[in-house]
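Sequence positions, counted from 1, serve as the residue numbers for this chain.
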Amino acid sequence: MTMHNQENQDPSDFFQEFVGRLFDELGYQPEEQPGIGSRKSDYLARAPDGESFYIEATVLTPDQFSRPRPTEDDVCRKLDRICHVPHIYSFWATASGELYQNLARRKLDPIKSWMEGLSAEDVAPQSERFSFPSGTPPVDAEAPSKEWRVEIHATPRPLAKRGIPARLLTRFGRGGGVDSASPLVRAARAKARQHKDVSKPLLLAMNDLADFPSDRIDISMALFGWEQASETGISRITPPQGYERRRSIWGTQENSTISAILLFHGLLPHTIPYAEVCLYENPSARYRLCPSIRDRFPHAVVEEKEGIGFLRWPMEQLLSSVLGIPPTTRPYAVLEREMNRSVSRIFRRLSA
């Protein structure tokens with residue numbers, strides 16, 4: 001089966017088809033829509049050693065903030081094109097008010113100057129506020145605003161990711177706390193309920209397309225209900241005495257039918273060359289996945305020392321390593337054509 005119109009595909013359809021193509025490329029012979037009791041799974045994969053397991057593919061697009069705002073998306077795209085930064089920081093931003101106009105690039109110079117001026121030697125979290133006239137509101141605007149105010153936060157990236165180009169801003173949030181763990185928990189629990197009668201290992205492939213995707217803190221919290229010191233690459237997942245776990249996927253040995261979660265971050269047709277993926281195994285799984293899966297994907301490891309559990313991440317989580325292709329950083333406008341060619345080559349390979 002050949003994949004067509006990848007850019008226009010629904011993200012769920014694209015991801016389900018991509019997962020099937022990926023496991024076929026890796027030699028697991030995925031069978032589509034196998035039955036599990038009275039229900040169906042997305043795939044039944046057969047490993048080269050004869051072991052088989054089910055695969056469920058699901059996309060996370062939680063409504064963390066609000067409706068899309070094209071003018072704000074335009075600001076994100078323009079910042080990507082005009083800012084020249086060493087990619088030592090990750091950026092996230094919140095906004096208040098509305099922006100009714102597309103801002104000219106020169107209007108974004110204050111943000112550009114701040115981003116480019118962040119210290120590459122004295123690296124520390126920083127933030128800055130900016131404001132712009134809202135522009136002319138539409139005639140049907142309720143309580144139109146006169147000013148669009150944003151606050152941009154810069155957070156030091158993990159050492160292994162510094163210097164690797166990535167999109168500067170995905171979207172402007174709308175204040176308040178960001179809960180990126182709960183969507184993971186809800187999606188996994190729903191799949192566990194759906195396939196409670198499974199009689200083989202079940203791999204849950206998840207594609208996190210949230211405005212603010214989950215990071216290590218969120219993943220530790222979602223999987224085990226506790227997180228501590230994840231920025232070092234190792235997170236304590238056993239709460240100290242007197243502390244309770246948050247609602248999670250595996251923290252109290254629940255949802256044992258999910259053998260492992262294969263978590264992709266921001267996987268879309270044009271991000272394949274630089275997307276990330278990591279395998280998380282359930283230490284209390286009813287059915288264990290075949291060992292060859294660990295050899296195919298970057299995977300986090302659960303360790304125990306003196307009765308305390310820890311989650312250790314791999315140094316590198318690039319999907320390009322799994323596909324056996326050179327890693328590609330996110331190109332900007334001058335490299336857009338080459339990016340499209342690279343994506344086309346990858347899909348031709350997966351569809352062959």
Q.
Looking at every non-hydrogen atom in both residues, tell me the closest pair between Met115 and Cys83 and how far apart they are.
A. SD-SG, 3.9 Å
(Q) Tell me the closest heavy-atom pair linking Leu79 and Leu168, and the distance in Å. (A) O-CD1, 3.7 Å
Q | Close aromatic pair by centroid cut-off 6.0 Å: Phe172 and Trp92 | A | no
Q. Could Glu51 and Arg46 be called an ion pair, given the rule that one side-chain N must be under 4.0 Å from one carboxylate O?
A. no
Q.
Counting only heavy atoms not in Gln33 (residues, nucleotides, ligands), do more than 12 fall under 6.0 Å from its CD?
A. yes
**Q.** Phe91: ring-ring contact (aromatic ring centres under 6.0 Å, His included) partners, not counting sequence neighbours
**A.** none
Q | N/O donor-acceptor pair under 3.5 Å between Asp215 side chain and Asp218 backbone | A | yes
Q: Identify, with sequence neighbours excluded, every residue that meets ring-ring contact (aromatic ring centres under 6.0 Å, His included) alongside Tyr89.
A: none
Q. Do side-chain atoms of Arg157 reach the backbone of Ile164 as a donor and acceptor pair under 3.5 angstrom?
A. yes
Q.
Using a strict threshold of under 4.0 Å (side-chain N to carboxylate O), is an ion pair present between Arg294 and Glu281?
A. yes
Q. What is the distance from atom CG of Leu262 to atom CG of Leu204, rounded to the nearest 0.5 Å?
A. 9.0 Å
(Q) Salt bridge or not between Lys161 and Glu316? Use side-chain N to carboxylate O under 4.0 Å. (A) no
Q: Classify the angle between the aromatic ring planes of Phe23 and Phe297 as parallel (below 30°), tilted (30 to 60°) or perpendicular (above 60°).
A: tilted
Q | Closest non-hydrogen atom pair between Phe14 and Pro269, with its separation | A | CZ-N, 3.6 Å
Q) Okay, side chain of Arg69, backbone of Leu99: is any donor-acceptor separation there less than 3.5 Å? A) no
Q: Please report the C-alpha distance between Gln126 and Trp114 in whole Å, then the side-chain angles of each, then the deciding distance to 0.1 Å, and finally whether the side-chain hydrogen bond (donor to acceptor under 3.5 Å, both in side chains) criterion is met.
A: CA-CA 10 Å; Gln126 299 180 58; Trp114 179 75; 4.9 Å; no
Q | Electrostatic pair Lys78:Asp74 at N-O distance under 4.0 angstrom | A | yes
**Q.** Greater than 12 external heavy atoms within 6.0 Å of Arg312's CZ
**A.** no
**Q.** Minimum heavy-atom distance Pro201-Ser259, with the two atoms named
**A.** CA-OG, 3.3 Å
Q) For Phe224, which residues count as a ring-ring contact (aromatic ring centres under 6.0 Å, His included) partner, sequence neighbours excluded? A) none
